[in-house]
Amino acid sequence: MNIWLMLFVTLLYLVLLFVVAYVAEKKQVLSNKWSPFIYALSIGVYCTAWTFYGSIGRATISGPDFLAIYVGPILLMPLFWGFYRKIIKISKVQKITSIADFISARYGKNISLGALVAIVCIVGIIPYISLQIKAIADSFDILSASSNSASSTTAIQTWKPIIVTIVLGFFIMLFGTSKIDASEKHRGLVSAIAFESIVKLFAFFIGGVFIVIYVLNNYSSIEIQQNPRLQHLFTFNSESGYLSWFGMSILSFTAFVFLPRQFQLGVIENKDDEHLKTAIWVFPLYLILINLLVIPVAVAGILFYNGQAYNPDYTLLSLPGALHADSVSMIVFLGGFSAATGMIIVETIALSTMFSNNILIPIILSVPALKNKFFTQVLKSIKWIRRISILFLLMLSYLYFQYVAGKYSLVSIGLISFAAVAQFAPSVMFGIYWKRANKLASLAGIGFGISIWFFTLVMPTLITANLLPSSISEFGLFGISWLKPNSLFGIAISDHITHAFFWSILMNLIAFVSISLFTEQSSDEVTQAELFVDIDQYSSSYEQSFIRSGNVNIADLRSLLASFIGEQKSKQLYRQYFLRNQLEVPNDDQKADQSVITYTEKILSGVIGAASARIILQSMMKDEVVRMNDVVNLLKESQQILQLNKELSNKSSELSKAYDALSKANTKLKQIDQLKDEFLYTVTHELRTPLTSVRAFTEIMHDHPDMDETKRQEFLKVMVGEMERLSKLITQVLDLEKLESGKQVLHLTELPAEQLVNKIVDAFKPSFEKDAQSIEVRVSTDKTVQVDVDLLERVFVNIIGNAKKYLPLENGNVLITVSEIEKNIQIDIEDNGPGIPMEQRLNVFDKFYQIHQSKKNNVGGSGLGLSICKKIIDLHKGQIAVEESVWSGAKFIIQIPLN
Amino acid sequence: MKTTKKILIVDDDPNILLSVEFLLVKNGYNVLVARNGMEAMEIIEDTVPDIVLLDIMMPDVDGYVICEYIKKNERTKSAKVIFLSAKSREVDVNFGYEMGADLYMVKPFSTRTLLEKINVLLT
Amino acid sequence: MKSRLKFQRLAFVCILAAILLNFPMISAFNRSVFVMGLPILYLYVLIVMLFTVALSTAIIIKK
């Protein structure tokens with residue numbers, strides 16, 4: 001095949017990919033119906049060149065065990081809706097950007113843990129990427145060699161992998177870094193990958209079907225079934241086979257969850273967890289389909305080459321070529337190319353995100369000189385850091401390919417990568433269900449696990465490549481025999497992969513569980529553990545929270561947060577927020593926009609609970625009295641969280657601050673709630689009391705028609721009195737409402753104060769005289785006031801009426817003085833009654849306040865009278881107070897400003 | 001012949017005392033009346049009523065305290081306590097029962113229902 | 001509580017599949033026998049996989 005043609009076609013394919021991604025990015029409406037399928041297919045990135053080419057190679061050599069790596073994902077499917085969904089939920093709420101982010105976030109947002117995970121991923125996956133490059137290079141070679149044209153220049157051939165790598169690099173940079181926020185969806189990317197999945201399946205089928213028809217058909221079934229060279233294809237090697245099979249299925253299970261590309265597409269790019277329902281059947285079907293023709297092709301290969309040496313990995317490609325079906329082999333080549341590039345693209349993006357977020361940026365931030373420079377150009381910096389990371393990682397992969405990968409089969413390198421990411425399993429799986437799992441445990445677990453991984457899997461490759469002495473594998477590390485890479489502790493477990501996996505996971509688990517049980521957590525870890533394990537409690541309120549942005553500036557938000565988590569932490573978090581989202585760090589006095597507010601709320605939720613956070617922020621925005629429900633929730637959650645804090649940690653100053661702030665918020669809200677409650681409650685209570693007697697009397701009189709007439713009269717009299725009391729109360733409540741709500745309009749007239757007072761007093765005189773009590777007025781000013789006469793009359797009637805109620809029956813006196821004091825008319829109403837105790841003198845004007853003797857005399861007031869008086873006086877911009885009179889009674893003082 | 005049952009009414013609202021006393025007497029009960037907590041305690045010291053109709057909000061000692069006293073004391077715990085109160089919230093009612101009340105009736109109540117319940121409690 | 005049951009059932013399916021797809025169950029089919037021209041081992045694995053997927057989907061979709 002003409003090399004230029006091949007190059008052209010591959011380039012064309014990449015452009016097509018680009019177009020698909022671009023269109024998908026723009027036309028977001030289109031995807032909705034198909035989204036679940038796109039998602040399911042994008043997970044198909046699990047099938048790389050390993051699946052496309054390597055499976056056939058493995059099948060050719062060792063039969064069925066190529067299927068082992070698909071058993072894991074299939075076993076995962078029932079659990080997809082369970083823990084995987086939980087991981088997705090958590091990642092959405094916490095805005096997780098990668099597996100390193102996830103683990104770091106779970107264990108207190110710890111930086112060193114994030115860096116460790118990132119390093120493990122990079123070290124573990126670079127070989128895997130390089131094997132994709134190898135596949136591309138090899139397939140290119142085979143395709144060009146299969147043609148008869150000798151015009152293939154070796155120069156192009158050696159340069160091809162580099163060219164491809166570079167071109168891919170550009171493509172990745174274009175699509176990986178255009179979206180600023182790493183936790184946002186890359187819709188274009190996902191669609192492109194789904195497209196690639198279709199291409200590889202399609203290509204595999206075309207190649208497979210072709211081979212079946214043109215090669216396999218030439219042989220009868222009996223021939224095939226009885227051919228000795230084919231026997232091993234149909235059954236397991238039963239000695240060590242089962243353990244390997246088992247080991248690989250578990251390995252593929254964890255890999256399917258934790259491989260960076262799988263985590264990226266399966267968790268982070270997931271738009272809606274309902275899509276999982278589709279993926280559960282679409283993806284396995286895909287797996288089954290793409291593996292259906294592996295054995296037939298492997299059989300065909302063995303039969304066709306009939307003992308000649310050939311590279312079994314590339315059977316699918318070489319057979320059509322050998323049969324001169326150039327178009328078929330071209331298609332197969334594209335399929336393999338698509339499988340490889342899909343993997344490279346997603347892994348590189350995922351790894352570069354981890355590299356920049358969890359390694360580079362923390363390093364930059366820790367060097368003060370760099371830090372300042374960094375902050376002044378945040379926006380540009382991030383993008384370039386990401387791009388450099390991508391190129392750097394691709395270059396590493398290429399180098400690995402050049403110098404190491406050549407010697408190994410595709411499958412064995414892949415399994416080494418699987419074993420690396422499997423080390424994350426304890427940290428994540430325990431992390432989402434066990435609150436006690438802590439950071440130290442994770443660090444130790446992953447640390448131990450990856451060390452053993454390195455020792456048992458990577459070192460042997462280094463030894464074989466002569467980078468390390470072979471004495472290590474023969475005699476053990478430092479000559480200690482039970483430290484042999486292939487048989488730790490003297491136990492050789494089947495193949496080295498299973499062996500490595502077993503020991504690494506065992507040590508990982510032991511370290512993890514024991515440290516979690518025997519050490520304590522910091523407060524950060526505790527909160528994060530809560531948020532992760534109990535995601536269901538927090539996620540819904542989080543999603544529903546939507547605080548309208550009001551007039552709050554960044555500084556306010558920051559200090560709000562600071563009062564809960566400390567000044568430094570608050571600043572740090574906001575910085576991280578702006579960093580992660582690649583926004584310019586705004587000035588302190590700039591208004592905070594929606595996303596910052598939501599972010600603040602999210603952080604706050606981590607400290608005091610979602611409900612509390614929402615309310616506190618809302619009240620900051622609106623300055624409004626909160627609803628009862630919110631208060632109840634606030635109190636409940638506050639209680640719980642206060643409890644949690646108290647139980648779990650020592651009081652650091654940050655915690656005390658949070659506690660104080662929360663208590664204050666609690667008290668204030670309780671008070672507001674109480675006031676509302678009390679008013680409503682008291683009104684209804686006051687209404688019930690007269691109603692009770694009225695009802696009782698009515699029923700009694702109805703049920704006892706033969707009652708004594710005098711008794712009946714007595715009852716009726718009481719009832720009438722109670723009903724009057726009731727209607728008076730209702731009237732007063734309505735008055736009070738009118739006064740308080742501002743609906744009351746003042747009808748002002750100007751008249752001498754004297755006249756005002758005298759009118760009332762005259763009305764009272766008869767009743768006073770009847771009881772041998774006196775009421776007297778002394779006036780010392782003739783100034784006029786502008787008042788609403790009706791309302792003021794009510795005030796006097798009330799006060800004088802009250803006075804009369806408690807006046808001693810003999811020698812009761814009420815004295816009213818009208819004078820002018822400092823631009824006010826002052827009216828004093830004194831009596832020689834029992835007076836009002838000093839501590840109650842302010843309270844008497846409160847609603848429903850009664851000094852409890854009233855009931856005894858059955859002279860009950862409602863307690864609202866004085867409140868009404870006060871409201872009326874307030875409306876007149878005056879003052880009212882009560883003191884002790886010269887006769888030790890009560891002295892009400894009313895002041896009304898002169899015009 | 002059944003012995004006359006003694007019912008003690010405690011309420012600071014004289015109207016309640018008036019009406020309920022009349023009602024109960026008409027229905028053949030022996031009625032004792034207390035206008036506040038202190039009076040109630042004095043009466044209970046003297047005789048243990050069969051039923052106590054207890055208001056809760058009273059100026060000196062509130063009904064809860066009295067109920068608790070009645071129920072915790074060997075001598076008096078045979079007395080059945082019925083709370084008669086305008087406090088109508090669920091928390092209030094629950095609290096009342098927690099104090100040991102045999103019944104909690106919210107004011108305004110029906111006198112007929114009251115009679116029925118008293119009847120039930122006395123059998 | 002209903003979703004609790006779902007999870008339990010799904011966990012069961014997973015474990016069942018794991019058992020079916022491993023020793024000793026799988027060794028029963030580890031013979032050079034052909035059903036309809038297809039090696040029985042692969043047929044078995046295929047059927048178990050399809051079965052697992054179908055059952056899981058059914059459990060999840062059911063209200």
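Order of the sequence lines sets the chain letters (A, B, ...), proteins ahead of strands, with each chain counted from 1.
In this structure, chain C has heavy atoms under 4.5 Å from both the backbone and the side chain of A:Ile280. In this structure, chain C has no heavy atom under 4.5 Å from any part of A:Thr278. Contacts of C:Val45 with chain A are made by side-chain atoms alone, with heavy-atom separations under 4.5 Å and no backbone atom involved. With a 4.5 angstrom heavy-atom cutoff, A:Ile250 does not touch chain C via any of its atoms.
With a 6.0 Å radius and a threshold of 12 heavy atoms from other residues, nucleotides or ligands, C:Phe29 has its CZ atom above the threshold. More than 12 heavy atoms of other residues, nucleotides or ligands shown are found within 6.0 angstrom of OH on A:Tyr219. More than 12 heavy atoms of other residues, nucleotides or ligands sit less than 6.0 Å from atom OH of A:Tyr433.
Side-chain atoms of A:Thr51 and A:Phe204, non-hydrogen and from C-beta on, never get closer than 4.5 Å to each other.
Taking A:Leu67, A:Ile74, A:Leu76 one by one and counting their heavy-atom pairs under 4.5 Å with chain C, the maximum is reached by A:Ile74.
When the options A:Phe37, A:Phe256, A:Tyr39, A:Phe80 are evaluated for a ring-ring contact (aromatic ring centres under 6.0 Å, His included) with A:Phe283, the one that passes is A:Phe256.
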